[in-house]
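Position 1 is the first residue of the sequence; numbering continues from there. Values reported hereafter were calculated over all heavy atoms of this structure, with side chains retained and with hydrogens, waters and symmetry mates removed. Bear in mind that the values here come from a model prediction, so they are computed numbers and not experimental data.
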Amino acid sequence: MNYLIGVDVGTTATKAVLYDEHANALRRFSAGYALYRDARGMAEQDPFALLAAVEQVIHDAAAEIDFAHEQLLAVAFSSANQSVMMFDCHFKPLTRIITWADTRAEEVAKRLKHSPAGSQIYAQTGTPIHPMSPLTKIMWLNQTQSDKVAQAAYFVGIKSFLFHQFFGVFKTDISMASCTGMMNIQTGNWDDQALSLTNLRVEQLPAIVSGTTQERGLTPEAQAQMGIPVDTPFVYGAFDGALSNLGVGAIKQDTVAITIGTSAGVRVVTDHPVIDLQQRLFCYALDNDHWVIGGPINNGGFVYQWAVHHLVDANAVQHEGTDPYTLANHVIAGVPAGAHGLLFHPFLGGERAPLWNADARGSFFGLSPLHTRDDMLRAVMEGISMNIATVFEAVSDLVGKPNRVTATGGFARSVVWRQMLADVLDCPVNIPKSFESGCLGAVTMAMKSLGMIDHLDAVNYLMGGIDAYQPEPGAVAVYHRYLPVFKQVEKLLTPAYLAIAHLQKQSE
């Protein structure tokens with residue numbers, strides 16, 4: 001038998017899935033690492049802890065293969081995007097990995113966004129101006145860590161770091177490059193204006209290659225750690241959101257992919273770059289022929305976790321002999337759509353799309369003495385879903401309303417949430433039975449790279465079954481009345497976000 005390994009490098013863990021040559025998932029592996037945070041907005045990873053986790057999951061997956069009689073055809077990568085770190089001329093790190101979640105470039109991003117250059121850069125790169133963008137992170141580093149910047153020979157993302165460790169090359173795929181705010185989406189090259197803003201030279205950034213590009217010839221150290229043949233092809237792949245679309249077969253404009261995990265995302269694939277004149281959405285590459293239009297959302301499942309932790313009665317959990325999430329879902333199912341007139345804005349972690357406002361904060365609106373914790377739990381789940389709906393509407397405005405949604409992520413464990421999403425969006429929602437869509441997307445790109453398939457559309461024959469949910473007319477009618485109020489309150493509160501965020505920082 002022949003095998004492929006799909007690797008998904010995430011924020012707090014790396015996952016790997018071992019597939020057979022027909023893309024049937026055989027075994028799953030995971031290894032975690034710390035995300036270092038502080039009150040200033042820092043969110044960093046230790047690059048060598050991440051490297052060790054990646055090597056570990058590949059090693060564990062490869063241990064299932066009898067290399068005397070079987071072959072590992074390729075290893076392919078999905079990765080979180082928008083990370084950056086600095087390396088000296090010997091490729092030694094000067095910083096930890098500054099991840100997508102780091103918001104310390106907030107003030108730099110605000111100034112750039114409101115300058116003439118802000119709209120120009122967005123139009124050229126497709127990346128909204130925000131503190132999570134590597135463009136603004138590097139501008140911030142110039143201001144705050146100029147001594148390290150002076151020593152820096154290279155500016156590196158997660159994927160280019162890993163491939164340098166494995167092969168001694170300095171490259172990144174077009175998908176990861178397109179997420180930096182520094183690649184011109186029309187030319188596929190590093191953008192001259194972005195280079196000027198960051199004071200970088202082209203040679204300080206990795207060469208941009210196709211996602212189906214292969215590297216062979218592992219370094220002795222990497223080969224020893226992973227225990228695989230030295231000439232095993234490693235395929236660059238793409239960023240995790242793009243590969244999540246690919247892994248669920250959502251690579252045409254008639255299907256929107258929604259992921260609700262810790263955070264969330266709404267994405268549709270087109271065959272050409274599309275720019276949102278209102279700057280609500282990103283335009284990133286999947287590969288040279290497919291472009292991903294959508295919005296990343298900070299506040300997904302972690303907001304629901306917060307609500308369950310604080311609102312579910314521990315005594316009730318013990319009395320029912322269940323777990324808090326099962327009880328919460330049961331409670332929510334018993335509350336009517338609209339939570340008796342209670343709205344929740346889920347901006348506990350600032351927000352990217354559609355607000356692009358790191359100061360955004362959460363709130364309940366409409367509380368009365370009649371509301372209960374049950375209503376509040378329902379409102380939280382509805383608020384997360386309504387926020388997703390605002391991004392879904394922006395995507396629909398830009399490329400047309402889709403015929404269906406394919407949704408994945410931890411939220412799918414909740415049947416009530418599955419149905420709620422269909423009702424709030426007023427669109428059929430399909431939930432794939434297969435897991436780890438990013439790993440499957442990466443393996444699909446490897447199969448194309450190896451000539452095993454001719455087109456990425458072949459992923460539709462590699463996927464498993466789905467569970468389908470149709471909108472319920474009664475609930476749809478309720479949400480049609482509530483969603484405009486949700487957006488109205490969001491707009492009214494926006495001017496106060498800066499003030500409350502400032503007060504919160506003073507109280508820390």
Measure the acute angle between the ring planes of Trp306 and His310, then classify it against the limits of 30° and 60° as parallel, tilted or perpendicular.
tilted
Close side-chain approach of Thr444 and Leu243, heavy atoms under 4.5 Å
no
Examine the side chains of Thr11 and Trp100 and answer whether a donor and an acceptor come within less than 3.5 Å of each other.
yes
Ser385 versus Trp417, side-chain donor and acceptor atoms under 3.5 Å:
yes
Please determine, by modelled atom types, if Asn430 and Thr406 share a side-chain donor-acceptor pair under 3.5 angstrom.
no
Any side-chain donor near an acceptor of the partner, Thr259 and Arg267, under 3.5 Å
yes
Looking just at side-chain N and O atoms, do Tyr36 and Asp102 make a donor-acceptor pair shorter than 3.5 Å?
no
Counting distance only, does the side-chain N/O of Trp291 pair as donor-acceptor with the main-chain N or O of Val274 below 3.5 Å?
no
Are Tyr497 and Arg361 linked by a side-chain donor-acceptor pair shorter than 3.5 Å?
no
Taking the ring of Tyr236 and the ring of Phe77, is the distance between their centroids below 6.0 Å?
no
Using the side chain to side chain contact (heavy atoms under 4.5 Å, CB included) rule, take Tyr284 and Asn81 through it: C-alpha gap first, then chi angles, then the decisive distance, then the call.
CA-CA 11 Å; Tyr284 299 152; Asn81 62 359; 4.0 Å; yes
Give a yes or no answer on whether the side chain of Ser175 reaches the backbone of Phe239 with a donor-acceptor pair at less than 3.5 Å.
yes
Is Lys252 atom NZ crowded by more than 12 heavy atoms from other residues, nucleotides or ligands, each under 6.0 Å away?
no
For Gln45, the option from Ile97, Thr12, Val9 that meets side-chain contact (heavy atoms from CB on, under 4.5 Å):
Ile97
Keeping the roles fixed (side chain from Thr494, backbone from Glu490), state whether a donor-acceptor pair exists under 3.5 Å.
yes
Are Glu107 and Lys110 close enough for a salt bridge, meaning some N to O gap below 4.0 Å?
yes
Option from Phe486, Phe365, Phe364 for which ring pair (Phe, Tyr, Trp, His ring centres under 6.0 Å) with His345 holds:
Phe486
Check each of Leu327, Val331, Asp374 against Val312 using the side-chain contact (heavy atoms from CB on, under 4.5 Å) test, and report the only one that passes.
Leu327
With distance as the sole criterion, is a donor-acceptor pair present between the side chains of His502 and Gln506 under 3.5 Å?
yes
Are any side-chain N or O atoms of Gln82 and backbone N or O atoms of Thr180, one a donor and one an acceptor, separated by less than 3.5 Å?
no
Side chains of Tyr3 and Glu64: is there a donor and an acceptor less than 3.5 Å apart?
no
Go through the side-chain N and O atoms of Glu351 and Asn387 and say whether any donor and acceptor fall under 3.5 Å apart.
yes
Does His330 NE2 have over 12 foreign heavy atoms under 6.0 Å away?
no
Do Met85 and Ile158 come within less than 4.5 Å of each other through their side chains, counting heavy atoms only?
no
Quick test of your reading: applying salt bridge (Lys or Arg N to Asp or Glu O under 4.0 Å), list the pairs with at least one residue in residues 42-59, sequence neighbours left out, ordered by first then second residue.
Glu44-Arg96, Glu44-Arg104
I'd like to check Pro402 versus Asp254 (side-chain heavy atoms, cut-off strictly below 4.5 Å). Are they in contact?
no
Worked verdict on Val405 versus Thr255 for side chain to side chain contact (heavy atoms under 4.5 Å, CB included)
CA-CA 6 Å; Val405 165; Thr255 304; over 6 Å; no
Check against side chain to side chain contact (heavy atoms under 4.5 Å, CB included), Met86 and Leu141:
CA-CA 10 Å; Met86 295 187 288; Leu141 287 168; 4.2 Å; yes
Is there a side-chain contact between Leu440 and Met463 in this structure, where contact means two heavy atoms from C-beta onward sitting under 4.5 Å apart?
yes
Check ion pair Glu106-Lys505 (N to O, under 4.0 angstrom):
yes
Can you confirm whether Pro128 sits close enough to Gln279 that some side-chain heavy atom of one is under 4.5 Å from a side-chain heavy atom of the other?
no
With a sphere of 6.0 Å drawn around CZ of Arg111, does it hold more than 12 non-hydrogen atoms of other residues, nucleotides or ligands?
yes
From Leu51 atom CG to Gln165 atom CD, the distance as rounded to the nearest 0.5 Å
5.5 Å
Would you mind reporting whether Tyr19 and Ile5 have side-chain heavy atoms less than 4.5 Å apart?
no
Would you check if there is a donor-acceptor pair between the side chains of Thr99 and Ser83 at a distance under 3.5 Å?
no
